[in-house]
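What follows is a single structure, written as structure tokens, with notes after it.
Remember, predicted model here, so these are calculated numbers, not experimental data.
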Amino acid sequence: MDNSIVISTPPHVKSKRTTRGIMLDVCIALLPCAIAGIVYFGLLAFMLEMVAVVACVATEFVYFFIANKGFAKKCKDAGKVCLRWWKQFDFTSVVTGLILALILPATTQWYEILIGSIFSIAIVKMLFGGTGKNLVNPAATGRVFMAISFAAVSTYTAANIPALNFESGIFSNATNLSWLLSAYPETKVTVLDLFLGTGVAGCIGETCKLAIIVGYIYLCARNVIKWWQPLLFVVVFGFAAVFMSGFGFIATGGYIFDMKLFLPHLFSGGVLFGAVFMFPDYVTSPKGVYGQIVYYVIAAILVAVLRYFTKMEVTSFVIILMNLFVPLIDKYIIRKPFGYVKVKKEKNKKTPDERVAEAVDALKVDENAAAKVMHGEKIENAELSPAASVQSVNAGDVKSDKEEA
């Protein structure tokens with residue numbers, strides 16, 4: 001019988017749900033995006049997804065095997081170490097690999113995503129202690145690492161399915177937002193094309209927005225994420241992006257706030273995918289409700305502003321930046337403890353220490369007043385306490401008895 005104690009990160013809430021079950025739900029929610037990516041970009045997308053998932057799981061296993069001394073004693077305990085790894089395996093590495101593959105273009109080479117997967121798990125996750133202890137989102141960090149290391153990661157190809165609006169041609173770059181941000185955008189693809197991903201070049205899992213929404217509905221139905229979190233991010237981002245786009249009209253006639261740009265901004269790039277699958281990460285997002293509101297609002301504004309000035313996709317960069325500020329948000333925006341009931345303060349209610357101090361002061365006044373009365377002194381303009389009054393009456397009786405004698 002295994003009597004070992006499993007120590008996990010807080011909060012410790014007794015529930016039938018486990019990390020493994022939650023991560024399986026996330027994998028299921030990601031399946032529509034993965035399947036849409038294969039349909040739009042072919043078997044090359046499927047190969048990249050498999051390489052990323054296998055590389056992430058293998059990296060986690062190798063790291064765990066070495067850290068738990070699986071090679072010690074001529075691998076005598078290798079079987080026990082493998083069994084322990086499987087018992088603690090929670091599918092977080094599968095989620096990391098799948099998300100990493102879905103936020104990369106189909107032009108990515110297999111060895112590039114292999115290196116990115118190893119970096120995401122070994123450096124970003126396992127080096128800090130494993131599940132629940134990483135400071136930043138592993139998939140987003142791996143994406144940024146690959147963007148810095150390999151220039152080909154920023155090269156996008158068009159989907160296999162042509163645009164429904166055949167006169168518009170192909171929107172040749174999912175992150176080429178200059179047509180949308182710098183001047184009044186002539187329709188190159190319709191909003192429907194952006195929503196379905198038809199005729200749009202982009203990342204494997206970010207192109208079809210319909211698949212992302214299906215995953216979002218599943219996560220909400222399974223209570224994996226709160227429905228308002230991605231919605232808050234999307235609404236704030238949309239208005240901020242439209243506001244920033246208004247400055248692009250100044251050269252042609254002045255500032256214009258055009259709400260027609262709301263959906264094109266939302267359905268371009270990886271904003272919607274990040275809002276559903278990356279920003280609500282349990283480990284790297286704030287724990288309290290008020291902290292989460294601040295987190296999503298600031299993140300949405302940052303994405304909109306940086307996209308306007310850089311004319312490129314910056315969602316992964318903003319995710320990492322906001323992850324680093326999460327400890328500060330949790331520190332200064334204190335959440336209400338579980339089961340906490342606020343105690344109502346009564347006005348002018350004295351504490352026990354104050355009542356004791358007043359009683360001591362009253363005793364001192366009584367002693368002084370009683371001493372003066374015993375010596376025949378008169379106390380004018382002062383109210384005696386009951387104890388001093390008794391002393392005064394007794395002293396008067398003694399004095400009258402002496403006079404009669």
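In terms of the side-chain contact (heavy atoms from CB on, under 4.5 Å) criterion, residue partners of Leu196 (sequence neighbours excluded) are, by chain and number, Tyr40, Leu164, Leu192, Thr198, Leu210. The side-chain hydrogen bond (donor to acceptor under 3.5 Å, both in side chains) test applied to Gln292 returns Gln229, not counting sequence neighbours. Taking the side-chain hydrogen bond (donor to acceptor under 3.5 Å, both in side chains) definition, one finds that Asp281 meets it with Thr284, sequence neighbours left out. Legend: residues meeting side-chain hydrogen bond (donor to acceptor under 3.5 Å, both in side chains) with Thr141, ordered by chain and number and at least two apart, are absent. Residues meeting the side-chain hydrogen bond (donor to acceptor under 3.5 Å, both in side chains) test with Ser117, sequence neighbours left out: none. Among residues two or more places apart in sequence or in another chain, the salt bridge (charged side-chain N to carboxylate O under 4.0 Å, His left out) test is passed with Glu49 by none. Applying the salt bridge (charged side-chain N to carboxylate O under 4.0 Å, His left out) rule to Asp25 yields the partners Arg17, Arg222; only residues at least two apart in sequence or on another chain are considered. Partners of Ala211 by side-chain contact (heavy atoms from CB on, under 4.5 Å), not counting sequence neighbours, listed by chain and number: Pro32, Cys33, Ala36, Cys208. Under the side-chain contact (heavy atoms from CB on, under 4.5 Å) criterion, Phe61 pairs with Phe65, Cys82, Trp85, sequence neighbours left out. Leu31 is linked by a side-chain contact (heavy atoms from CB on, under 4.5 Å) to nothing, counting only residues two or more places apart in sequence or in another chain.
By the 6.0 Å contact criterion, OH on Tyr290 is open, its count of non-hydrogen atoms from other residues, nucleotides or ligands being 12 or less. By the 6.0 Å contact criterion, NZ on Lys69 is open, its count of non-hydrogen atoms from other residues, nucleotides or ligands being 12 or less. More than 12 non-hydrogen atoms from other residues, nucleotides or ligands lie less than 6.0 angstrom from CH2 of Trp228. Within 6.0 Å of CZ on Phe150 lie more than 12 heavy atoms contributed by other residues, nucleotides or ligands.
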Only distances under 3.5 Å count here; give the side-chain donor-acceptor pairs of residues 231-243 to other protein atoms, sequence neighbours excluded, each with its distance to 0.1 Å.
none

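For Lys125 and Thr59, the side-chain atoms include no donor-acceptor pair closer than 3.5 Å.
In this structure, Lys311 forms a cation-pi arrangement with Tyr308, its terminal cationic atom sitting closer than 6.0 Å to the ring centre and no more than 45° off the ring axis.
Residue pairs meeting the salt bridge (Lys or Arg N to Asp or Glu O under 4.0 Å) criterion with at least one member in residues 227-244, sequence neighbours excluded, do not occur.
Under a 3.5 Å cut-off, the side chain of Asn134 and the backbone N or O of Val283 do not form any donor-acceptor pair. When atom types are taken as modelled, the side chain of Ser268 and the backbone of His265 share a donor-acceptor pair closer than 3.5 angstrom.
If you take CG on Leu48 and CG on Leu44, they are separated by 5.0 Å, rounding to the nearest 0.5 Å.
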